[in-house]
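Down below is the structure, laid out as structure tokens.
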Amino acid sequence: MTQAVKGTRDLFGAELRWFQWIEAIAHQTMARHGYEEIRTPVLEEIEVFKRSVGESSDIINKEMYDFIDKGGRHVAMRPENTAGVVRAAIQNKFFETNDPKRLYYIGPMFRYERMQAGRYRQFWQIGAEIFGVAAPEADAENLVLLFDLLQGLGLTKLTLSINSVGTPECRPAFHKALRDFFDKSESKFCADCHRRIQENPLRVLDCKVPTCQAALEGHPLITDFLDEASVKHHARLKAILTALEIPFEDNPRLVRGLDYYTRTAFEVLSSDLGAQSALLGGGRYDGLVKQLGGPEVPGFGWAIGLDRLAILMQTIHNNAPDKKPILLIPVGESAAIRAMILAKEWRQAGVRVQLETRNAALKKALQTANRQGFQLAMILGDNEIEQGVITIKDLTQGTQETWNLDSVMYSIEKFEL
Ligand code: AMP
């Protein structure tokens, strides 16, 4: 038997219903904040990621699903969507005016990751980006959108961890300080980190190997190398967040796994998640549009992992997000047709109803209904039709009532409410 490719999985049942529920809330929240959806291709030319995510990042070095297509193009399945959104915005001339642009996306991403709980090779992200505003007000507004979404999903145990990673101009001095630090302690770091120290010492800071994390104790901090404008930007953002009562922690050690961040970088952690505590991350990327061949347009955004969110939803909410439709069970031949007519009328009125079409014995039909988790069954037998009634069985309570067929629609509406 062939299996789904390692690290990928089929979505169905309760897990998919959580995905749909989260996505519906995301669409509503984005609309409330004036963000427009964009759908970009899964496949992009590899250059889109090399020039944005950064050649020295783990994503490019180890985790790309890339290949040469039949036309000889080097393409990759997107490991994240910001680069694709920027490519699309440039190509479709969104930046011809200086107007701000607010865009969001929901879709699958691909990374050839080592397998662990909650980490997949195909996973989903929801993300939101604001382009064209360099001021910290845009950072704050975009974070307000994020918190609106997270609160809409029922998440409360959240911590916003923020830092400023400065501008590319601050980096050389910081990199030098890091290299000096690593020169003294290089032997304590893993082989990957030795490569990182040569290519981009910043990457060592997000190495997940515990001995590397321990060896990083006392390392130089980017916050000691910031330019004045970055310091001011960060201070203003913190003042706005305080006024808006969005609780945050200043975390001078925070750097993100992607190269394109400038000034604000942040993560939101959730204590509901246990070991996998980072729920999402994002930040400002003022150089990215230019790096990808567009005009000088600042940007700010984040991406949240839908897979982990769905797990979290199952732990904080008791019920699955969706009720089963009513199951209508006809017993007997004339009842079968009458039931189809009733189902048609009810559906036209917006009632969700599924018909038992097997002509099965009532006992068997009810056994299936219970096994499949239906909450309400309606039974229509020839006897019932003669008497002008229908039997309603509450399968969760095990109770039963008889309703008048003429007024059944009114009663169903009550149940659906
Ligand atoms: P990143 O794009 O690395 O900043 O990741 C943003 C969010 O996407 C993370 O916080 C995760 O929730 C999610 N994520 C990243 N990689 C994976 C993966 N391999 N499997 C599941 N979720 C992921």
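Atoms within each ligand, like the ligands themselves, are counted from 1 in listed order.
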Hey, is R119 touching ligand 1 through its side chain, its backbone, both or neither, going by heavy atoms under 4.0 Å?
-> both

Are the side chains of N200 and R203 in touch, meaning some heavy atoms are under 4.5 Å apart?
-> yes

Centroid-centroid distance, H27 to Y104, less than 6.0 Å | yes

Mind telling me whether H317 and W18 have parallel, tilted or perpendicular rings, with 30° and 60° as the class edges?
-> parallel

How does R111 reach ligand 1, if at all, at less than 4.0 Å between non-hydrogen atoms: by side chain, backbone, both, or neither?
-> side chain

For ligand 1, indicate whether the residue L309 contacts it via side chain, backbone, both or neither (heavy-atom separation under 4.0 Å).
-> neither

Side chain proximity check, E80 to F110, heavy atoms < 4.5 angstrom = no

Contacts table for residues 242-249: side-chain donor-acceptor under 3.5 angstrom, sequence neighbours left out:
unit_1 : atom_1 : unit_2 : atom_2 : d
T242   : OG1    : K238   : O      : 2.7

State, yes or no, whether a side-chain contact exists between T368 and R371 at a heavy-atom distance under 4.5 Å.
-> yes

Side-chain H-bond candidate by donor/acceptor type, K393 with Q400, under 3.5 Å = yes

Using a 4.0 Å heavy-atom threshold (strictly under), name the region of M109 that reaches ligand 1: side chain, backbone, both or neither.
-> neither

Using a strict 4.0 Å cut-off to heavy atoms of G305, name the atoms of ligand 1 that fall inside it.
-> 7 (C), 8 (O), 12 (O), 13 (C)

Report, in ascending order of atom number, the atoms of ligand 1 lying under 4.0 Å from any heavy atom of L279.
-> 10 (O), 12 (O)

Between R308, R114, Q125, flag the one that comes closest to atom 5 (O) of ligand 1 by a heavy atom.
-> Q125

Distance filter under 4.0 Å to L280 heavy atoms, resulting ligand 1 atoms | 10 (O)

Side-chain donor/acceptor pairs under 3.5 Å, residues 127-138, sequence neighbours excluded:
unit_1 : atom_1 : unit_2 : atom_2 : d
E129   : OE1    : Y285   : OH     : 2.5
E129   : OE2    : T82    : OG1    : 2.7
E137   : OE2    : R236   : NE     : 3.0
E137   : OE2    : R236   : NH2    : 2.5

Give yes if a backbone or side-chain nitrogen or oxygen of D307 is under 3.5 Å from a nitrogen or oxygen of ligand 1, and no if not.
-> no

Counting heavy atoms only, which of F123, Y112, W302 is nearest atom 23 (C) of ligand 1?
-> F123

So, is G281 polar-close to ligand 1, with some N/O to N/O distance under 3.5 Å?
-> no

Those atoms of ligand 1 less than 4.0 Å from some heavy atom in E113 | 16 (N), 17 (C), 18 (C), 19 (N)

